[in-house]
Amino acid sequence: MQQALIEKYGEARLPRYTSYPTAPGFSPTVGTGTYGDWLAAIRPGTDASLYLHIPFCRSMCWYCGCHTTITQRDEPILDYIDMLRKEIDLVSRTVGGRPTIRHVHFGGGTPTIMQPEEFRDLIGLLRARFAFAGGAEIAVEIDPRTLSAEMATALGAAGVTRASLGVQSFDPVVQKAINRIQSEAQTAEAAARLRKAGVSGINFDLIYGLPHQTVASCIATAQAAIRMRPERFAVFGYAHIPSFKKHQRLIDERALPDAALRSAQAEAIAETLGGAGYVRIGLDHYALPEDSLALAAKRGRLRRNFQGYTTDACTTLIGFGASSIGRTAEGYVQNEVPPGLYAQRIASGRLATAKGYRLTAEDRLRAEIIERLMCDFRVDVTGIAARHGFDAAPLLDGNAKLAALAEDGAIDIRGGTVTVRQDHRFIIRAVAAAFDAYIDRSARTHSKAA
Ligand code: SF4
């Protein structure tokens, strides 16, 4: 039944809605000039988040879906950090008023590929150019295989509050099949070093659907990870798209679990984490009940952004680095993806914007409906539409997808509120897609894009 509905609605192929509209809808018609205007319109004291992308790793994990480059040399990394610093200067000169920074996220790649002093200097520059709020959250993605004691200390000293550790699977057979050998001891040591340095919020990323993975190995990995007691887990299904990510061709397709097995693995991990006291949050996150993410979910204050579920309520996000995505009140922007092209643009003194999207009033309405669904599994469509100055009727009554979902017993619609039934939460992306005006279009036009 579950599998039949997943296939009927194409759940696995639908967006994860970390933004609306989603990134494939961005267009080069939003470029440097537009982004410059949007930055200039930021008012002093606007709550904002920063994202910095570090696109380098020492070895390639064959399942990787990130924008990253493998290098054994330090020179390209140093050159890149130099460009990041230039971009930070350029953006800070372009913003209209100094925003108040409440969240910073270092993603990659492997941000901790930097040397401790390089990281310290970069944080120092950010603090000099922007006004950080007291208690601002600073989060860093970590590869436990390469985290030195010195780097852990530097992260703590720089005020890092959260660390997200890639774990994926502890099964040695799976690790060999994905080219990522990482012992339990390495992971435990990295977590212990971070805690000792004062980084109090630890997240582990786990993946199911990897080659040779079984339900039993998923449970064993979750149990081993639970013993290290991270505050949060993010659990993702492996997306095998070798036509898009060439290194994924190194993965033996015959060893990949089928859709039914993937679903059983996801459920087994969910049950194991739930049994250990972790609260399930949204589509794919878990947290200890006292963690801020669990509390935000309980209070209906959970948010969703490019990093997934978050407590970050800022609507302004300034991205730095190759491929980074940002958002201002007017819309989304994305930097050039190839690090060489990004560097060229910054070296010439210009912003590195490659494409973006200017939000319409209707986009904002649909974005809020989709975000609430993804976070709460329920949404007051009538109330949100009224706040945005829209009539809810076309969204509800004339919505064939919603009617089909109700017919299949996946949702209830009462008094203008759509609720996803507890036992149908696996189909949340299909419910969100029922409010996506662009999902069925193969090519879009942007009537208001500049
Ligand atoms: S460490 Fe992370 S970003 Fe780097 S190759 Fe592995 S999965 Fe990709």
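Whatever order the structure lists ligands and atoms in, that order sets their numbers, starting from 1. Remember, it's a predicted structure, so these values are computed and weren't measured experimentally.
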Atom indices of ligand 1, in the order listed, that fall short of 4.0 Å to a heavy atom of R180: 1 (S), 6 (Fe)
Under a 4.0 angstrom heavy-atom cut-off, which atoms of ligand 1 come close to Y63? 7 (S)
Does ligand 1 have any atom sitting under 4.0 Å from a heavy atom of G166? no
CD1 on I123 to CG on L50, rounded to 0.5 Å: 9.0 Å
For atom 8 (Fe) of ligand 1, find the nearest protein heavy atom and state the residue, atom name and distance (0.1 Å precision). C64 SG, 2.4 Å
For atom 8 (Fe) of ligand 1, decide whether C66 has an N, O or S atom at a distance under 2.8 Å. no
Determine, for Y286 and R280, whether the Lys NZ or Arg CZ falls below 6.0 Å from the six-membered ring centre while staying within 45 degrees of the axis. no
Just which atoms of ligand 1 are under 4.0 Å from any heavy atom in C57? 1 (S), 3 (S), 4 (Fe), 5 (S)
Charged N to carboxylate O under 4.0 angstrom, D436 versus K401? no
For atom 6 (Fe) of ligand 1, decide whether C61 has an N, O or S atom at a distance under 2.8 Å. yes
NZ/NE/NH1/NH2 to OD/OE distance under 4.0 Å, D89 and R93: no
Give a yes or no on whether the backbone of G108 and the side-chain of E141 come within a donor-acceptor separation of less than 3.5 Å. yes
Which of the atoms of ligand 1 are close to S59, meaning less than 4.0 Å from one of its heavy atoms? 5 (S)
Should the heavy atoms of other residues, nucleotides or ligands under 6.0 Å from CZ of R301 be counted, would the total exceed 12? no
